[in-house]
Structures are given as structure tokens and as C-alpha cells.
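Report on the following structure.
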Amino acid sequence: MTSPNNPFRASLGSSPPLLVGRDEVIEDFALALEEGPGAHERVSLLVGARGVGKTVLLNEMEDTAAQKGWLTFSETATEGFVESLKQQLTEFLDGERSNAKRSVQVGPGFFRYKRESQAPDQTRGSLRALLGQALDSIADHERFNGRAPGILITIDELHYVHQDEITEFATTIQHLVRENREIAVVLAGIPTSIRPLLASQDGKNPITFLRRANRIDLGTIPAAEVRDGLEVPVTLAGKEWDERALQYAVQASGGYPFMIQLIGNFSWRFADGHVISLEATQAGVSKARKKLGQLVHEPALSDLSSEDRRFLAAMSLDDGPAKVTDVAKRLGVSDQQAYNYRARLHEADIVTIDRGTADFILPFLREHLRDHVVADVLRIEPAHPPELG
Ligand SMILES: Nc1ncnc2c1ncn2[C@@H]1O[C@H](COP(=O)(O)OP(=O)(O)OP(=O)(O)O)[C@@H](O)[C@H]1O
Ligand SMILES: [Mg+2]
């Protein structure tokens, strides 16, 4: 999606040219790594909607730790992730053993582990035993050359369907934390996938570890920082924004991180020459909205029932929070039925609720519904023409 020299990264999971609005999270985390075992941010949980920047923040936190010499392992919480983590640890320990035969020298490239795509082999020992050995091994390094003070594990896309493995992982980490080992963990996921993990369940221990974690709810980014996020990469790449175009882009992003990249990317592409004009930016914003629809809104809507989609379409006619009773009228259903739809959509993290109202959580879902869904699904005339501003 990137034309030559385009500095923006308009795809999920790709680190932006400038990560904005997350300095405090990163600084707190960096301090916790230095503070030693027991620092709260050493076990952190990033929670937020699609495209809000969980994965790229995880990557940034890994970089922060790696810069401090920490050994880092990253996993995605798909089936078998504990086994895969054990495999990574086994490889590390094997490397340590063969290195030890030659010398105690460990190169910097040695300190980061990413999941390999091949199926893990049978690994030795429990996760706890392997992590214990790895921690002992790096403690030795620290004695020799002051490197690798600890181990960071990041787990992305946490989902309750893998509850058993997550519990196994959490139990292990909990033990190591209690033993004051130099370990840090950052987990990330969308609210609906995490909520059941945090809830107390009959016959099963709630994952107290997750509940006590330093929870970071990631939301939208303030305008001044969005502005930096759009302006600095353009300047560094040798172009500039027309001032009105930049203001328009900042406002159109709604502070939503994925939109910063999409708008930046397309405005850059449509710019003709050195300055990104207002026209190029307007075209860029419109294209960015379409892309966001394809990549975020359509997948979210396709998970819902047709009744729930109709409810959302009826809601989208309001510019702000929609009254449930109004939505019921538009749909021709009873108030009680409309309240049931609202409850389901709230549970699915599509809407927030307040007294008698519902509002959208995903940025620009309202506009997407107005543009693409209202006419097909609802067959009702908008109360007033949809506005795209
Ligand atoms: N703080 C930020 N500043 C600028 N751009 C950002 C920021 N955070 C995320 N982005 C951009 O937004 C997009 C989405 O980020 P990311 O993939 O991390 O989201 P996510 O929350 O992991 O989404 P998903 O739930 O789909 O996995 C990427 O293009 C990324 O470069
Ligand atoms: Mg992600």
C-alpha cells in the first residue's frame, strides 16, 4: 500500500513512522523495568478496539526492553502458543549451552526471539522450568558482562477461547513474579476477547494475574499529537503539508491511530509535487474511509446478526448517541426488543450505552453505515441527509 518514499504505514500491525500519544505508557514501562521485581507495570495488559495500536505498542515496548538489554520473546495467543514459547526458550537455552562451550560472549542479535512458523518440536520440561533456567542463564551473563537483566514476554491477540493455555501461562508467570525473578509480561487484546478472562467463573479460578495487571485502555489520540504524527514524517521525508490540509487531516482522523496512517498514506499519494494540498488531502481522507471500511468495519459487521446490523443502521441516522426508543420507532420494533439488541451490541463491544441511549465505539462506523448499509438494510429515509464531516 506504500508508494516510493511514502513514510506512512497503512496496514494493521506495521509500526508507524512516528508513534504518537503513547509516551507515558512507554516511560512508565521503562521505569518499571529499571525499578526491579514487583513494579506494577511489569505485568501490563493493553486493551482497545481494532486498529487503536495495540500491536505496534507491544513492539515498541519490546524495543524499549531490548534497548535495556532485556531478552524478549513474542507470541500471539493462538492455539499452542505455550508450546511455541517453550520451543523458543529451548532454542535459547541450547544456544546458551553451545555458546558457553566457546565463550561467554553473547552478541546483541541473540537477544530477540520471534515465533518461528514451523511446528514446535517436543520441548523439554515445563514452561516454569524452562523460564527458570533462562532466567538463571541471563543472571550469569549479567555477572559477566552486565547484559540481559531480565526476560520480557509479549502475548498479542489474547482471546478467551485459549483460556486453558492462558491460565497455564499466567500461573507460571505469577510464580516467577512471587519469587522476585526479573520477568515482565505485556499482553494485548480487544475488550470482548479479554472480558471473559477477567470475569470470575464457576469452578474455575479467575485469572487474578490478569485482573491485577496494569491495565492500559488505549483510546484516541489528542489532536496536537495527531498533528505531529502526520507532520513530522512528511517533513522528514522531504515534503510539507499545506496548513489547511493538515488541519483537515487531523480533524478527519478523529484521533484514531489507524486513520492517521491511512490518511497520511493516501494524502501523500495524491499529492502532486512538494506540498500536500487540501484537494489531495480531501481525496486522501475519502480513500482512507473506504479502506477503513474494508479492513475494520466490514469484518466487525459480518460477525453480527442481521437484526443487530439493522439496529446499528437505524442508530447511525443520529449524529451523536441515539435514543433507544427512537431506534425502535425507526425499526418498527418494541422498545423492549430494541433494548435487547442494544444489550447484545454492548456485549459485542460495538456500542457504549448510557441512560436510554447507545453510541458507536468504533471510529467512523456511523459514517460507514450511512454510506453503505442504511439504504440496503433499512429502506428508510434518513431523518436528515448523512453528513460526512
Ligand atoms: N500511536 C500511534 N501513532 C501513530 N500511528 C499508530 C499508532 N498506533 C497505531 N498506529 C497505526 O495504526 C495502525 C493499527 O495499529 P495496530 O496494528 O497496532 O492496531 P491493533 O490495535 O493491534 O489492531 P488489531 O486489533 O486489529 O490487532 C497501524 O497502521 C499503525 O502504524
Ligand atoms: Mg494487533
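The chain is numbered in sequence order, starting from 1. Just follow the structure's listing: the first ligand is 1, and inside any ligand the first atom is 1.
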Nitrogen or oxygen of Ile190 less than 3.5 angstrom from that of ligand 1: no
Sub-4.0 Å heavy-atom contact, Leu18 with ligand 1: yes
In one Ile/Leu/Val/Met/Phe/Trp/Tyr side-chain cluster, 4.5 Å: Ile260, Val250: yes
Polar atom proximity, Ser14 to ligand 1 (N or O, under 3.5 Å): yes
Which residue and heavy atom of the protein sit nearest atom 20 (P) of ligand 1, plus the separation: Lys54 N, 3.4 Å
Distance-only side-chain donor-acceptor flag, Gln87 / Glu83, under 3.5 Å: no
Ligand-residue contact atoms, ligand 1 with Ser11, heavy atoms, under 4.0 Å: 28 (C), 29 (O)
Protein residue, atom and distance nearest to atom 7 (C) of ligand 1, heavy-atom basis: Pro257 CB, 3.6 Å
Hydrophobic cluster membership, Ile138 vs Val177, 4.5 Å side-chain cutoff: yes
Heavy-atom nearest neighbour in the protein, as seen from atom 19 (O) of ligand 1, with distance rounded to 0.1 Å: Gly53 N, 3.2 Å
Expected output: side-chain Thr235 to main-chain Glu231 donor-acceptor under 3.5 Å: yes
Min side-chain heavy-atom separation Asp164-Glu168 under 4.5 Å: no
Side chain to side chain contact (heavy atoms under 4.5 Å, CB included) between Leu369 and Leu301, intermediate numbers included: CA-CA 10 Å; Leu369 289 160; Leu301 292 171; 4.0 Å; yes
Per-atom contacts of ligand 1 with Val56, taking only distances under 4.0 Å to non-hydrogen atoms: 8 (N), 9 (C), 18 (O), 30 (C)
Heavy-atom donor-acceptor pair, Lys287 side chain to Ser267 backbone, under 3.5 Å: no
Nearest-contact summary for atom 13 (C) of ligand 1 - protein heavy atom, Å: Phe258 CD1, 3.5 Å
Backbone or side-chain N or O of Gly51 under 3.5 Å from ligand 1 N or O: yes
Parallel, tilted or perpendicular: ring planes of His297 versus His368, cut at 30 and 60 degrees: tilted
Polar atom proximity, Gly13 to ligand 1 (N or O, under 3.5 Å): yes
For atom 11 (C) of ligand 1, closest protein heavy-atom neighbour: Gln261 CG, 3.5 Å
Proximal ligand 1 atoms for Arg22, defined as those under 4.0 Å from one of its heavy atoms: 1 (N)
Numbered atoms of ligand 1 (with element) below 4.0 Å of Ala49, judged on heavy atoms: 21 (O)
Least distance between heavy atoms, Pro363 atom then Leu292 atom: O-CD2, 4.0 Å
Parallel, tilted or perpendicular: ring planes of Phe209 versus Phe169, cut at 30 and 60 degrees: perpendicular
N/O separation below 3.5 Å, Val20 to ligand 1: yes
Gln261 (side chain) donor-acceptor with Pro16 (main chain) under 3.5 angstrom: no
Ligand-side contact atoms (ligand 1) for residue partner Ile221, heavy atom cut-off under 4.0 Å: 1 (N)
Ligand-side contact atoms (ligand 1) for residue partner Leu19, heavy atom cut-off under 4.0 Å: 1 (N), 2 (C), 3 (N), 7 (C)
Closest approach of any protein heavy atom to atom 29 (O) of ligand 1, naming residue and atom: Arg9 O, 2.8 Å
Any N or O of Ser15 closer than 3.5 Å to N or O of ligand 1: no
Residue and atom name of the nearest protein heavy atom (relative to atom 24 (P) of ligand 1), distance in Å to one decimal: Arg50 NH1, 3.4 Å
Qualifying residue, where the test is side-chain contact (heavy atoms from CB on, under 4.5 Å) with Phe81 and the options are Asp156, Ile155, Leu158: Ile155
Sub-3.5 Å N/O-N/O distance, Ala10 and ligand 1: no
Asp63/Gln67 under side chain to side chain donor-acceptor pair (under 3.5 Å): CA gap, chis, key distance, verdict: CA-CA 6 Å; Asp63 289 348; Gln67 277 159 20; 5.7 Å; no
